[in-house]
Amino acid sequence: MKIAQIQMHVSADKAENIRHACELVRSAGDIDLAVLPEMFCCPYDNACFRDYGEPFAGPAQRAMSQLARERGIYLIAGSLPELEGHRVYNTSFVYAPDGTCIARHRKIHLFDIDVEGGQRFMESEVLSPGREVTTFDTPWGTMGLCICFDMRFQELCRLMALRGARVIFAPAAFNMTTGPAHWKILFRQRAVDQQCFTVGTSPARDKSASYVAWGHSIVCDPWSRVIRQCPSREAVAVTELDLSMVDSVRRQLPILSARREDVYRLTEL
């Protein structure tokens, strides 16, 4: 399966961000799946989320559906602020090659941090949390989807793996505090935990933004090797995933099948 990670610059102009995302996906050439970054059409700022938000089937979503259909690809449309009543969600929509929306993930774990000597950011001041574990089916098998801070929760990723996820995709915007400390090690660790590919796609770094993203979009294989890592600037990274490696690693190290469900158990509510 050939994937393209779109590590794009995000401006304050929503329409331009949508146009630019389409342009970059088209530039990726012959691919099977493209993934955009977290908040790809909106500055990552609590003050922007409600104003840039849109309801289900809003303009950014329609553009992404049309793009998936035009290119004949699966498209993980990063994330955007989704409006439902008085609530705002950080939501990722997935489109099939015919443009159909086949999955929606609302970020479950909101990014509420106050790092000593670092940064304070409270998504919960504006955003509401989702409640659903998200997977979707493709010709290459089941894929898992979460958003940024979700990736820190091993239990959520394990539930995706137990559903059969062979790749876990995470549109994500780690910052200049959490990125250097945890970005690479986290995606490598989740690849080890779940014995699958992990794919983290970030916005490009913009030092003039109120929230500065780390960048360095990453792909790790089921043996935890980093097989792709972008720089901090804008980039379109195309990587071919050999999904037979998932089965091979799971045979060699039977972590999932060796779980002791007579001693402990993880279940969905």
Quick check for you: to the nearest 0.5 Å, what is the distance between [X] atom [atom1] and [Y] atom [atom2]?
{"X": "T135", "Y": "M143", "atom1": "OG1", "atom2": "CE", "value": "10.5 Å"}
{"X": "R205", "Y": "N175", "atom1": "CZ", "atom2": "CG", "value": "10.5 Å"}
{"X": "I102", "Y": "F136", "atom1": "CD1", "atom2": "CZ", "value": "6.0 Å"}
{"X": "I168", "Y": "C220", "atom1": "CD1", "atom2": "SG", "value": "11.5 Å"}
{"X": "L110", "Y": "I147", "atom1": "CG", "atom2": "CD1", "value": "10.0 Å"}

Would you say the side chain of [Y] lies within less than 4.5 Å of the side chain of [X], judging by non-hydrogen atoms?
{"X": "M151", "Y": "C157", "result": "yes"}
{"X": "S92", "Y": "I76", "result": "yes"}
{"X": "F93", "Y": "L145", "result": "no"}
{"X": "Q194", "Y": "Q154", "result": "yes"}
{"X": "T198", "Y": "S224", "result": "no"}
{"X": "I6", "Y": "V25", "result": "yes"}
{"X": "V133", "Y": "L156", "result": "yes"}
{"X": "E84", "Y": "Y89", "result": "yes"}

For the residue pair [X] and [Y], confirm or rule out a side-chain donor-acceptor distance under 3.5 Å.
{"X": "E23", "Y": "S27", "value": "no"}
{"X": "T100", "Y": "D98", "value": "yes"}
{"X": "Q5", "Y": "S217", "value": "no"}
{"X": "S244", "Y": "D247", "value": "no"}

Any donor-acceptor pair under 3.5 Å linking the side chain of [X] with the backbone of [Y]?
{"X": "R250", "Y": "Q195", "result": "yes"}
{"X": "N90", "Y": "K107", "result": "no"}
{"X": "R166", "Y": "L243", "result": "yes"}
{"X": "R188", "Y": "K184", "result": "no"}
{"X": "R106", "Y": "E132", "result": "no"}

**Request:** Please test E155 against R158 for salt bridge (Lys or Arg N to Asp or Glu O under 4.0 Å), starting from the C-alpha separation and ending with a verdict.
**Result:** CA-CA 5 Å; E155 302 94 330; R158 174 54 53 87; over 6 Å; no

The complete set of ring pair (Phe, Tyr, Trp, His ring centres under 6.0 Å) pairs with one or both residues in residues 6-46, sequence neighbours excluded, reads Y44-F49, Y44-F121, Y44-Y211

So ring pair (Phe, Tyr, Trp, His ring centres under 6.0 Å) across residues 142-162, not counting sequence neighbours, yields H109-F153, F111-F149, F149-F153

Applying side-chain contact (heavy atoms from CB on, under 4.5 Å) to V10 and not counting sequence neighbours gives M8, N17, P203

Residue set satisfying side-chain contact (heavy atoms from CB on, under 4.5 Å) with E70, at least two apart, ordered chain then number -> R26, L67

Those residues at least two apart in sequence (or on a different chain) that pass ring pair (Phe, Tyr, Trp, His ring centres under 6.0 Å) with Y52 are none

Worksheet entry | Trace of the salt bridge (Lys or Arg N to Asp or Glu O under 4.0 Å) decision for R190 with D193 | CA-CA 5 Å; R190 291 296 162 263; D193 292 341; 2.3 Å; yes

Quick note, side chain to side chain donor-acceptor pair (under 3.5 Å) partners involving residues 59-69, not counting sequence neighbours, are E54-Q61

Search all heavy atoms of [X] against all heavy atoms of [Y] and return the closest pair with its distance.
{"X": "V249", "Y": "W223", "result": "CG2-CE3, 3.9 Å"}
{"X": "I218", "Y": "Q229", "result": "CD1-OE1, 3.7 Å"}
{"X": "C230", "Y": "H216", "result": "O-ND1, 3.0 Å"}

Notebook entry, point to check: How are the rings of F187 and F174 set to each other: parallel, tilted or perpendicular (split at 30° and 60°)?
Noted result: tilted

